[in-house]
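Data block below; observations after.
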Number of protein chains: 2
Amino acid sequence: MPRKKTEPKLEANRRAELLRAAARLFVEKGFAATTTRDIAEAVGMRSGSPFYHFRSKQELLKAAMIEGLDAGNAQLAAAIEGIADPEQRLRVLVRTHLGTLLEGDCRSPLLVSETRALDDKARTEIAAAFDRYQVPWQETLEALAKSGKLASAAPPVRLLVFGMLNWSSHWYRTDGALTVDALADAAVSMLLNTAPRGADS
Amino acid sequence: MPRKKTEPKLEANRRAELLRAAARLFVEKGFAATTTRDIAEAVGMRSGSPFYHFRSKQELLKAAMIEGLDAGNAQLAAAIEGIADPEQRLRVLVRTHLGTLLEGDCRSPLLVSETRALDDKARTEIAAAFDRYQVPWQETLEALAKSGKLASAAPPVRLLVFGMLNWSSHWYRTDGALTVDALADAAVSMLLNTAPRGADS
DNA sequence: CCTACCGATCGGTAGG
DNA sequence: CCTACCGATCGGTAGG
C-alpha cells in the first residue's frame, strides 16, 4: 500500500513553520509592515497559500502570540523546577526570559504592542496567555519581598520588571560586548540593589 | 495695506500641527498602519497636502521624533533646574518622563521601535537626539552610585531604567486606580529598593 | 494647500 | 497548496 500524498503530520509542520516565520517577521518589521507574502516566501510558499492554514493575517498573529507565550511559559516552568531559593529562582527566570527575547526566534512577549491590530476577543485570549506567563514571576517576587530582599511586590513591580527586561530588545546587540548572562546579572542586581556579580571577581 | 493671504507664521503652525498629529497617530497605531491620509484628516487637510510640508512619510516620523525628544529634553532640564540632591533629581526625572509618556500627546520616546522604517542616516540623527536626552539621567545615576544609594551606574543600568519606565505605556491605563505619581514612586522605590512612599502613611 | 490622479502593493478568494 | 485574479488602499505627484 503506497503512502498517501499528503501526510497529516507534514501539514502540522507547515503550520508551525508559518507561525515561526510570522513571529520572527512581526517582531522584526512589525505586524502592519509584514506582508502575508513575506511570510509565505519565508517558508517557500506562494502568496495565497498561508490562507490555507490561517483564515487571516490577524489569526496568524494571534496564534503566534498565544502558542509562543505558552511555549515560553513551559520553558520557565522547566527552568525553575526544583529551585527553592527565591533569589536563585529570580535569576533563572530573568536569564530564561532574556534568552527567549534576545536569543530565541519566536520572541512572542515582544509582540504585545502589535495586538492593537486585533479585535477585542483575540486581545482577551492573548491577555490570558500573558497572565499565565506571569504567575511564576509574581510568586517569586512575593517570596523575595517576604524575605526582605525586595522592598515591595505590589502589582506595578512585576510590570516594571517586565519592562526593564523586554525593553532590552530595543537596544541589545548580540554582537556587542555585553553578554546575555551579564545583562541578566545587571538586571537582577538592579532589582535587589546589590553589586553586580562581576564586580568582586 | 491689507494683510497678505498667507502669513509665514501660520505655515509654521500647520507644520507643527502635522507633527503633533503624526506623533500621536504613530504611537497609537504604529508607523506602518498610519496613513498619510489619517494625518491629513487629523489636522483638516486633504490627502495630498501633508506633502507640501514634508517630503515623505518617513520625513514626518524623523522630524516628530527629533523635535519631540528635544522638547522633552528641555522639559527635563527645566524640571531639575536647581535641584541638588540626586535622589530628588531622580524623582523629578522619572515623574517628568512618565508625564511625557503617559499624559503628553507627543510621547516621542515611544517611537524608537518605529525607526526601523527609516534609513541609516535618519536613524543616526535620531540616536543623537536620544543621547542628548539621556545625559541628565546618566549624571544622576552616577551621583546616586557615588553616594551609595544605587549599587551600580554602569551603562546597562540606565537602559534598564528607561525600559522599566517606557514599557509602562503598554499597560498603564489613565482611567485605572494607579496614578502617575504613584507609578513614579513605585519605580523610584524599585530602583533604590526602599519602601514605596505610600507605605508609611 | 486642493483637485485629480497614477502605479504599486496588499489581503484575501475561487477553483482546482 | 498553486494559479490567477480582484477590489481596495496607499504614498506620492502634477498642475494650479
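Each chain gets a letter, A, B and so on, in the order the sequences are listed, and its residues count up from 1.
- When ring centroids are compared, Phe162(B) and Trp137(B) come within the 6.0 Å threshold.
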Contact list (N/O, under 3.5 angstrom) for nucleotides 3-6 of chain D vs protein:
unit_1	atom_1	unit_2	atom_2	d
dT3(D)	OP2	Arg46(A)	NH1	3.1

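- For the pair Leu18(A) CG and dC2(D) C1', the interatomic distance rounds to 14 Å; values are reported in whole Å.
- Minimum interatomic distance between Ala79(A) and Thr96(A) (heavy atoms only, all atoms of both residues): CB-OG1, 3.6 Å.
- Using a 4.0 Å cut-off, no side-chain N or O of Arg55(A) falls inside it from OP1 or OP2 of dG12(C).
- In this structure, Glu125(A) pairs ionically with Lys121(A), as a charged nitrogen and a carboxylate oxygen lie closer than 4.0 Å.
- Of the candidates dC1(D), dC1(C), dG11(C), the closest approach to any side-chain atom of His53(B) belongs to dC1(C).
- Rounding to whole angstrom units, OH of residue Tyr52(B) and P of dG15(D) are separated by 18 Å.
- Leu60(A) places its CG atom 11 Å from the P atom of dG11(C), with the value rounded to the nearest Å.
- Ion pairing between Glu67(A) and Arg20(A) fails under the 4.0 Å rule for side-chain N and carboxylate O.
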Dot-bracket line, read 5' to 3' along DNA chain D, where crossing pairs take [ ] and | marks a partner on another strand, Watson-Crick or G-U under 3.5 Å
||||||||||||||||
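- Once rounded to the nearest 0.5 Å, the distance linking CG of Asn166(B) with CH2 of Trp167(A) reads 4.0 Å.
- Atom-to-atom, CD of Glu11(B) to P of dC1(C) comes out at 7 Å; the value is rounded to the nearest Å.
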Could you go through the side-chain contact (heavy atoms from CB on, under 4.5 Å) check for Gln88(B) and Arg91(B) one step at a time?
CA-CA 5 Å; Gln88(B) 198 51 39; Arg91(B) 297 206 111 88; 3.9 Å; yes
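- Distance CD1 (Ile39(B)) to P (dG12(D)): 10 Å, rounded to an integer number of Å.
- Counting to the nearest Å, the C1' atom of dT9(C) and the CG atom of Asp38(A) are 11 Å from each other.
- Rounding to whole angstrom units, NZ of residue Lys57(A) and C1' of dA8(D) are separated by 15 Å.
- Rounded to an integer number of Å, the gap from Phe51(A) CZ to dG12(C) P is 5 Å.
- To the nearest 0.5 Å, the span separating CZ on Arg95(B) from OG1 on Thr100(B) amounts to 9.5 Å.
- Atom-to-atom distance recorded for Leu98(A):CG and Ser169(A):OG is 10.0 Å, nearest 0.5 angstrom.
- Not counting sequence neighbours, the partners of Glu114(A) by the salt bridge (charged side-chain N to carboxylate O under 4.0 Å, His left out) test are Arg116(B).
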